[in-house]
Amino acid sequence: MSRKYETIIGLEVHVQLATESKIFCNCSTDFGAEPNKHTCPVCLGLPGTLPVLNKKVVDYAIMAGLALNCNINSYSKFDRKNYFYPDLPKAYQISQSDYPICENGYIEIDTEEGTKKIGITRIHMEEDAGKLVHEGSIDQATASLVDYNRTGIPLIEIVSAPDIRTPSEARAYLTQLKQILQYIGVSDCNMEEGSLRCDANVSIRPVGQKEFGTKTELKNMNSFRAVERALEYEVERQRKILEEGGEIIQETRTWDESLNKTISMRTKEEAADYRYFPDPNLPPLNVDRDWVERIKSSLPELPREKRERFVREYALPEYDAGVLTDSRELADYFEACVKEYSDAKAVSNWIMGDFLRLLKEENLEIAEVKMTPAHLSGMLKLMDEGVISSKIAKTVFEEMFKTGKAPEQIVEEKGLKQISDAGQLEEIVLKVIEANPSVVEDIKSGKDKAIGFLVGQVMKETRGKANPGMVNQIIREKIESL
Amino acid sequence: MLEKKDIERIADLASIKLSDSEAEKFAGQLDGILQYVDKIKEVDTEDLKPTLYPVSLENIFREDEVRPSLDREKVLTNAPEEKDGQFRVPRIMGE
Ligand SMILES: [Zn+2]
């Protein structure tokens with residue numbers, strides 16, 4: 001982006017709440033059911049049915065609001081947003097218009113210039129619409145197929161202030177938002193299953209200008225990376241138009257992943273008149289102080305707090321603390337290890353290294369890992385006691401990870417115990433010295449580094465089990481006495 | 001006074017097609033309704049809170065429990081056409 005223009009981005013994120021049942025009826029929210037198996041008169045919008053609000057939805061919305069530093073409004077209500085589309089059987093969506101449940105929050109993100117606050121204008125509750133598939137190819141389809149399983153799935157919409165200035169800030173905001181929502185457990189934020197969706201509003205203006213430029217709305221971005229790339233493309237597109245003296249048209253544009261560009265959806269913008277009015281079937285909400293306090297006290301430690309505490313409490317580098325607190329599960333695993341083995345940095349190294357590598361290779365969730373924190377700390381103790389070398393520890397670690405066996409058992413079964421018997425090591429050292437007379441000469445003539453080669457040979461002889469400190473010492477003694 | 005273009009816009013929002021004579025007829029009728037509303041607006045409501053709900057209830061909830069949904073066969077009896085367990089409807093352009 002050239003310095004002549006400033007970018008203004010606002011994000012609207014829809015998040016599916018992790019309830020068992022839908023927002024206004026008792027149908028299941030399970031993903032992947034056969035079409036229309038999770039529907040009932042309420043979510044199908046049949047006449048005469050009465051929606052009743054799922055209390056958990058309100059609890060989760062308040063939780064999200066508190067975690068995102070919002071005010072929780074004591075008074076809020078539901079409204080009907082009217083529009084005709086086959087994915088919406090009632091011809092209105094129940095949402096919240098002028099009295100949303102949460103307002104005026106913020107998220108802190110890390111940027112190159114340090115911490116930055118991105119405002120959250122509001123969070124409101126609403127129901128999801130159904131799933132519509134066009135028959136055949138998109139431009140030739142004459143009919144659509146509708147599955148109403150998604151209809152009535154509880155959502156919160158989180159609307160950011162227009163505080164985001166670059167596509168990478170947008171990505172950082174989304175990453176942080178997702179992490180917080182996963183930490184507090186209100187959503188799994190799975191983009192592939194549609195439980196987190198993001199639309200972006202973007203405009204540019206000459207630097208120094210107060211008024212916003214004309215914005216476009218971007219849709220259909222299926223990953224955070226796609227959001228970032230779509231924004232980059234759109235900012236560049238708008239800049240070119242302005243520099244050529246053109247005008248930006250306010251419109252909705254869809255991101256085409258394969259073409260790598262945004263495309264106008266050519267919708268009639270002026271027709272978007274939703275005629276909101278209060279839903280008479282849903283009495284308003286009165287969220288009192290006690291309710292908010294109760295939820296506040298149930299909130300877990302949030303990612304940034306945890307990261308700061310890890311640095312403070314375990315004297316870890318910022319980087320380690322960031323990696324370890326990436327998910328609550330990983331942070332909990334780390335802390336369980338540290339409870340039994342106090343060298344936090346050593347634990348951190350193993351978790352950031354081999355643990356995360358194997359997790360990725362085996363494509364596992366932390367909950368599925370067979371190796372317990374006690375096993376990892378047990379292995380570290382074996383290293384301290386000289387039972388296994390650090391080289392052997394890698395083998396033990398992989399075995400623990402794959403089988404869930406205790407480190408002692410693996411060492412026993414595989415005969416991995418470190419050889420620390422001086423007599424036994426001397427014998428092997430003498431053999432190695434005898435087999436490598438030229439290296440010995442080198443060492444004698446002052447090439448001290450060559451000793452590493454001999455140590456390596458002893459390790460090879462013992463399949464890595466020799467105590468390297470002792471081997472080093474014995475080699476020196478033997479060569480000196482030659 | 002409501003004009004024909006107002007009626008056309010309302011008809012458009014409601015996705016209904018009106019003939020010219022219907023548009024004219026409804027313009028008159030809707031105008032009458034709006035006049036009633038204007039009459040009501042004459043009442044001084046300065047110190048009154050708007051009544052949004054007919055009853056003074058608040059916080060009506062249900063617990064987060066799953067109960068069986070409708071049989072899909074029954075659900076689809078309302079479909080104009082059915083295909084692979086889904087409602088088959090004419091394709092609608094745009095949003
Ligand atoms: Zn239902």
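Small disclaimer: the values here were computed from a predicted structure and weren't measured. Naming: A, B, ... by sequence-line order, numbering from 1 per chain. Just so it is clear, the values below take in all heavy atoms, side chains as well, and ignore hydrogens, waters and symmetry mates.
Closest heavy-atom contact between B:Glu65 and A:Asn26: O-ND2, 2.7 Å. Heavy-atom minimum distance, B:Val66 versus A:Ser28: CG1-CB, 3.8 Å.
Heavy atoms of A:Leu44 lying under 4.5 Å from chain B belong exclusively to its side chain. With a 4.5 Å cut-off on non-hydrogen atoms, A:Tyr75 touches chain B through its side chain but not through its backbone. Contact annotation for A:Lys22: only backbone heavy atoms (N, CA, C, O) come within less than 4.5 Å of a heavy atom of chain B. When heavy atoms are compared at a cutoff of 4.5 Å, A:Phe277 does not approach chain B at all. Heavy atoms closer than 4.5 Å to chain B are found in the side chain of A:Val58, but not in its backbone. B:Asn78 touches chain A through its side chain: at least one heavy atom from C-beta onward sits under 4.5 Å away, while N, CA, C and O do not. Contact annotation for A:Asp279: only backbone heavy atoms (N, CA, C, O) come within less than 4.5 Å of a heavy atom of chain B. The part of A:Leu282 that comes within reach of chain B is its backbone (N, CA, C, O), which places non-hydrogen atoms under 4.5 angstrom from that chain. Residue A:Cys43: no heavy atom, backbone or side chain, is found under 4.5 Å from chain B.
Between the side chains of A:Thr39 and B:Arg72, not a single donor N or O lies within less than 3.5 Å of an accepting N or O. Between the side chains of A:Asn286 and B:Asn59, no donor N or O sits under 3.5 Å from an acceptor N or O.
Of the residues considered (B:Ser56, B:Ser69, B:Ala79), B:Ser69 shows the highest number of contacts with chain A, using heavy-atom pairs under 4.5 Å. Of the residues considered (B:Gln86, B:Glu58, B:Arg62), B:Arg62 shows the highest number of contacts with chain A, using heavy-atom pairs under 4.5 Å. When each of A:Cys25, A:Gly130, A:Ala91, A:Pro280 is scored by its heavy-atom pairs under 4.5 Å with chain B, the top score falls to A:Cys25. With respect to chain A, the highest number of heavy-atom pairs below 4.5 Å among B:Asp71, B:Asp84, B:Val75 belongs to B:Val75.
Within a 6.0 Å sphere centred on OH of A:Tyr99, other residues, nucleotides and ligands contribute 12 heavy atoms or fewer.
Using a 4.5 Å heavy-atom threshold, the side chains of A:Pro278 and B:Tyr53 count as touching. Counting only heavy atoms from C-beta outward, the side chains of A:Leu285 and B:Phe61 approach each other to under 4.5 Å.
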